[in-house]
Engineer: 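A single structure is presented below for examination.
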Amino acid sequence: MELKDLAVGLAIGLGAIGPGIGVGILGGKALEAIGRNPEATSKIQTNMILAVAFTEAIAIYALVVALIIKFV
Amino acid sequence: MEISLSAEPIFFVDNFPITNTIINTWLVIFIWIIIGLMVDRKVNFVPKTLQNILEMVVFAFWDLCRSVAGERGKKFFPLVTAIFIFVLTSNWLNLLPGFGSFGVWEREAYGKKFIPLLRGATSDLNTTIALALVSVGAIQYYGIKALGPRLHFSKFFNFSNPIAFFVGVLELISEFAKIISFSFRLFGNVFAGEVLLTVIAFLIPVLASFPFYGLEFFVGFIQAFVFAMLTLVFLNIATIPHGEEVAHGT
């Protein structure tokens, strides 16, 4: 097994830990907020999707680095 | 299994490569010109199917722009909706059969290389960087138009005290980070989705791709929505009139 393969695996593996936890926290808070105030569901949902896209972008950066290492 | 990060040139116009993704951009534009002309010919007061679908999208974004940016949202509506429609069409077109699989074999120095003739426009980093530059450029333009150049640039170059100076530097860096973040978010999602579908189809040729197509369908929509929504939010922040700012401190 070459170091390059190891690098690809580690890049995306470690890079997805943070955003995974982040998205989980966001989802939890959003669900809590909806539970407290079901009337505001659509507003909360829209803002949650926005925030999830921000954190998911970090995971996507890690994925792009892994793809670049593998294919370039 | 051929996966290429960069788009493959189909032909050259005077040393400028016309890649398969540029051809796809033209395809998207062509499709929307046709749809626009079809609807424009006869606009009913009680809409039929195609006009109904387009009205759903247009009114949804009209309400979104009004709710996020208030009265200023009317000015931002065309750009935001156009970005959404372009990115959405590009992303979804990438999932049709034939995209990535319909192509020619080209003889290279060390063997054969497969050149797909059709490849989704947003799976090329060039397209997404171009869209990001348009977004951030529009943010700067509308900011200068709303606040005047002195007030707009005083957000970034603030010499009143050292802390404000560093905040200004960070804001400036953050503007460039927006370009990178916009482009890589969209590119990463679409390209990784493409690679995922290729790999799954390669591993299990029958039926296993179905849930992943569902995922890519959803992701394509979400990324288009997020791109448009973030453009709208940053436009709103850049054009807040001077008196309406939030109070600092207590």
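No hydrogens, no waters, no symmetry mates; every other heavy atom, side chains included, goes into these values. Keep in mind the model is a prediction, meaning the values are calculated, not measured. We name chains A, B, ... by the order of the sequence lines, and we start the count at 1 in each one.
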Engineer: Between B/Ile222 and chain A, with a heavy-atom cut-off of 4.5 Å, which part of the residue counts as in contact: side chain, backbone, both or neither?
Structural biologist: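 The side chain, not the backbone.
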Engineer: Taking everything shown except A/Leu3 itself, do over 12 heavy atoms lie less than 6.0 Å from its CG?
Structural biologist: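 No.
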Engineer: Within a strict 4.5 Å, meaning less than it, do heavy atoms of the B/Ile3 and A/Lys70 side chains meet?
Structural biologist: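 In short, these two side chains do not touch, never coming nearer than 4.5 Å.
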Engineer: May I ask you to check whether over 12 heavy atoms, not counting those of B/Phe12, lie within 6.0 Å of atom CZ?
Structural biologist: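 Enclosed: over 12 neighbouring heavy atoms sit under 6.0 Å from CZ of B/Phe12.
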Engineer: Should we say atom OH of B/Tyr141 is surrounded by more than 12 heavy atoms from elsewhere, each under 6.0 Å from it?
Structural biologist: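 Counting neighbours around OH of B/Tyr141, 12 or fewer heavy atoms of other residues, nucleotides or ligands fall under 6.0 Å, so no.
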Engineer: Where do A/Phe54 and B/Arg185 come nearest, in terms of heavy atoms and distance?
Structural biologist: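 Closest approach of A/Phe54 to B/Arg185: CD2-NH2, 3.6 Å.
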Engineer: Quick one: closest heavy-atom pair of B/Gly188 and A/Ile60, and the distance?
Structural biologist: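 Result for this residue pair: CA-CG2, 3.2 Å.
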Engineer: Between A/Leu63 and B/Ala192, which heavy-atom pair has the shortest distance, and what is it?
Structural biologist: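 Taking A/Leu63 first and B/Ala192 second, the nearest heavy atoms are CD2-CB, 3.0 Å.
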Engineer: Nearest 0.5 Å please: distance from the CG atom of B/Leu5 over to the CD1 atom of A/Ile68.
Structural biologist: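 One gets 6.0 Å once the value is rounded to the nearest 0.5 Å.
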Engineer: Got a second to check how far B/Met229's CE is from A/Thr46's OG1, nearest 0.5 Å?
Structural biologist: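 Going from CE on B/Met229 over to OG1 on A/Thr46, the span is 6.0 Å.
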Engineer: Check whether more than 12 heavy atoms from other residues, nucleotides or ligands sit under 6.0 Å from atom CZ of A/Phe71, and answer yes or no.
Structural biologist: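 Atom CZ in A/Phe71 is packed in, count exceeds 12.
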Engineer: Less than 4.5 Å apart, any side-chain heavy atom of A/Val64 and any of B/Phe187?
Structural biologist: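 Touching, per the 4.5 Å side-chain cut-off.
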Engineer: Does A/Leu14, at its CG atom, have more than 12 non-hydrogen atoms belonging to other residues, nucleotides or ligands within less than 6.0 Å?
Structural biologist: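 Yes, the 6.0 Å shell around CG holds more than 12 heavy atoms from other groups.
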